[in-house]
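Notes follow once the structure below has been shown.
Everything numeric in this text was worked out from a predicted model, so none of it was measured.
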Amino acid sequence: MTDELAPFDFELPRDHIATEPARPRDSATLLHVRPGHAPDQRIIRDLPGLLQEGDLLIANNTAVIRAQLSATRGEAKIGITLDRILVDGSWHALARNSRKLKPNDTLNFGDDPVTASVVENEGDGAVSIRFSVEGDAFDAFLERVGALALPPYIDRPFGPTVQDDSDYRTIFSEHRGAVAAPTAGLHFTPDLLAALDAKGIQRRTLTLHVGAGTFLPVRSSIAEHRMHAEWGEIDAETAQAINETRARGGRVVAIGTTSLRLLESAAQEDGTVQPWRGETSIFIKPGYRFKAVDLLMTNFHLPRSTLFMLVCAFSGTDTMREAYAYAIANGLRFYSYGDACLLERAP
């Protein structure tokens, strides 16, 4: 039987997984990947020189919350990772040791006065819960008792550090709600933004609250894989900037796969983008026809993951396998705290 995931698989030595970011952030490696050309190794500070006056950068302005919680139901210990807030104000979450949770069960968080009640146990570790506080009081609760939900490949045997609190936050962070950072944005510094502005490269932001499902691998067939929904918004100003850029022949540069996924969710067949607000579970894989994005800056992703499939769809599977082989052979750093690549779209 043919393994349909084999084209998206590769062996990554464990010492290539970054456990902390480059310092300064814009000193990380940037691999310029163009279909039909050999990979070109640069650094992040070279980005303005790789772009053109009139290009438009779109970054994700979501801010990471302390989404990892330790709860109890009676004597049972329940690990909670918040995923996304739902329309009715409850939270979808991934839970460990959740098999016996029932609707209306109360979850306690140590001695903290805030509690949560179970709304539904969906099975397979997914639950929806409602907290006893909302708004600013809920934000304060997460700051008191929550922890960053760092990806499992970042080795923190004693939990996230104080340094992670600043390292795992992008310069664009504005709207709280993400479980995981939009990691391509981690490379940007005030000096880099100033250099982009000086080159005449425009910048806008959108919001996509990255959920816990971003860490989940493809376990079944590609056709059966279900993407977790994530909430996003593109405002009228950003949509107008995108449409004006494309109308005058400029290029739209997505900073991160989260920005790209939301742009493509909102794009019309002619490539125009309208203001957009809602949930997206778009799964981009080879064969997809891109409508809104011309270039993509992104980190190096896990093997057999939906994100590696996305970059293969964008620049071509052979091109990306060559680029990743180059990255591994030349000691580039992978995943959230690792290096990045600037991808040009395949024809």
Side-chain angles (χ1 to χ4, degrees), residues 12-34 37-53 55 57-64 148 150-151 153-156 160-174 178 180-203 205 210 253-260 295-302 307 311 315 320 323-344:
L12 182 71
R14 184 156 187 83
D15 61 3
H16 283 50
I17 300 174
T19 56
E20 62 178 41
R23 306 190 196 281
R25 295 189 183 203
D26 57 7
S27 67
T29 295
L30 179 65
L31 194 66
H32 188 197
V33 178
R34 296 174 294 165
H37 296 77
D40 179 19
Q41 185 170 328
R42 306 289 195 94
I43 63 171
I44 299 292
R45 287 192 206 108
D46 294 331
L47 180 63
L50 298 173
L51 301 178
Q52 301 168 6
E53 181 180 355
D55 285 346
L57 260 65
I58 305 290
N60 189 354
N61 63 17
T62 189
V64 176
L148 289 176
L150 286 180
Y153 46 73
I154 295 179
D155 187 20
R156 294 290 186 270
T161 65
V162 173
Q163 186 65 50
D164 286 318
D165 283 335
S166 70
D167 284 345
Y168 203 57
R169 180 178 298 274
T170 78
I171 196 171
F172 307 107
S173 295
E174 185 176 357
T183 54
L186 296 177
H187 299 288
F188 286 78
T189 64
D191 286 347
L192 180 56
L193 295 184
L196 290 164
D197 293 343
K199 180 72 180 285
I201 296 162
Q202 298 184 74
R203 294 186 283 112
T205 58
V210 190
V253 185
I255 304 303
T257 56
T258 60
S259 297
L260 180 144
L295 287 92
L296 169 64
M297 179 176 163
T298 184
N299 284 22
F300 290 94
H301 302 294
L302 281 72
L307 296 183
V311 297
S315 293
M320 292 313 304
Y324 272 49
Y326 175 95
I328 293 168
N330 288 274
L332 273 63
R333 302 160 71 248
F334 274 60
Y335 305 162
S336 296
Y337 279 157
D339 296 313
C341 46
L342 178 66
L343 308 180
E344 299 201 9

Heavy-atom side-chain proximity of L295 to L342 below 4.5 angstrom = yes

key: Side chain proximity check, L12 to F300, heavy atoms < 4.5 angstrom   = no

ask   = side chain to side chain contact (heavy atoms under 4.5 Å, CB included) between Q41 and L332: does it pass, once the steps are laid out?
value = CA-CA 10 Å; Q41 185 170 328; L332 273 63; 3.9 Å; yes

inquiry  = So, taking the atom named CZ in R169 and the one named OG1 in T62, what distance separates them when rounded to the nearest 0.5 Å?
reply    = 10.0 Å

key: Check: Y326 side chain, D40 main-chain N or O, donor-acceptor pair, under 3.5 Å   = no

task = Find the distance between CD (E20) and OG1 (T161) and round it off to the nearest 0.5 Å.
result = 9.0 Å

query = With no hydrogens and no angle check, is any side-chain donor or acceptor of H16 less than 3.5 Å from a backbone partner on I328?
reply = yes

ask   = Taking it one step at a time, do M320 and L343 satisfy side chain to side chain contact (heavy atoms under 4.5 Å, CB included)?
value = CA-CA 9 Å; M320 292 313 304; L343 308 180; 3.8 Å; yes

remark   = For T19 and R156, the nearest pair of non-hydrogen atoms, with its separation, is O-NH2, 2.7 Å

message = Side chains of L51 and L57, heavy atoms from C-beta outward: is any pair under 4.5 Å?
response = yes

ask   = Rounded to the nearest 0.5 Å, how far does CG of L192 lie from CZ of R25?
value = 12.0 Å

key: Atom pair CG (L30) and CG (D46), whose distance is rounded to the nearest 0.5 Å   = 7.5 Å

message = Is there a side chain to side chain contact (heavy atoms under 4.5 Å, CB included) between I44 and F188? Walk through the geometry before answering.
response = CA-CA 8 Å; I44 299 292; F188 286 78; 5.9 Å; no

message = If you define the side chain from C-beta out and look only at heavy atoms, does anything of S27 sit under 4.5 Å from I43?
response = no

ask   = Looking only at heavy atoms, which two atoms of A323 and L31 are closest? And how far apart?
value = O-CD2, 3.8 Å

ask   = Would you find a donor on one side and an acceptor on the other, under 3.5 Å apart, between the side chain of T205 and the backbone of A59?
value = no

request  = Mind checking the CG-NZ spacing from L47 to K199? Nearest 0.5 Å is all I need.
outcome  = 9.0 Å

request  = Provide the closest heavy-atom pair for A184 versus T298 in the form atom of the first, atom of the second, distance.
outcome  = CB-CA, 4.1 Å

task = For L186 and N299, run side chain to side chain contact (heavy atoms under 4.5 Å, CB included): C-alpha distance rounded to whole Å, both residues' side-chain angles, the deciding distance at 0.1 Å, then the answer.
result = CA-CA 10 Å; L186 296 177; N299 284 22; 5.7 Å; no

inquiry  = Tell me every residue that passes salt bridge (Lys or Arg N to Asp or Glu O under 4.0 Å) with D197, counting only those two or more places apart in sequence or in another chain.
reply    = R203

Other residues, nucleotides, ligands: >12 heavy atoms within 6.0 Å of R23 CZ = yes

key: Taking every non-hydrogen atom, the tightest pair across H187 and G338   = CE1-O, 2.9 Å

ask   = Any side-chain heavy atom of Y337 sitting closer than 4.5 Å to one from D164?
value = yes

query = Would S336 and Y153 count as having a side-chain donor-acceptor pair, cut-off 3.5 Å?
reply = yes

message = So does N60 get a backbone contact from the side chain of S259, meaning a donor-acceptor N/O pair under 3.5 Å?
response = yes

key: R333 versus P21, closest heavy-atom pair with distance   = NH2-C, 4.0 Å

message = Within the structure provided, determine whether S173 and V64 are in side-chain contact (heavy-atom separation under 4.5 Å).
response = no

key: L150 backbone acceptor or donor facing Y168 side chain under 3.5 Å   = no

ask   = Are D165 and P160 close enough that some pair of their side-chain heavy atoms sits under 4.5 Å apart?
value = no

ask   = Do you know the tightest heavy-atom contact between P48 and I201?
value = O-CD1, 4.0 Å

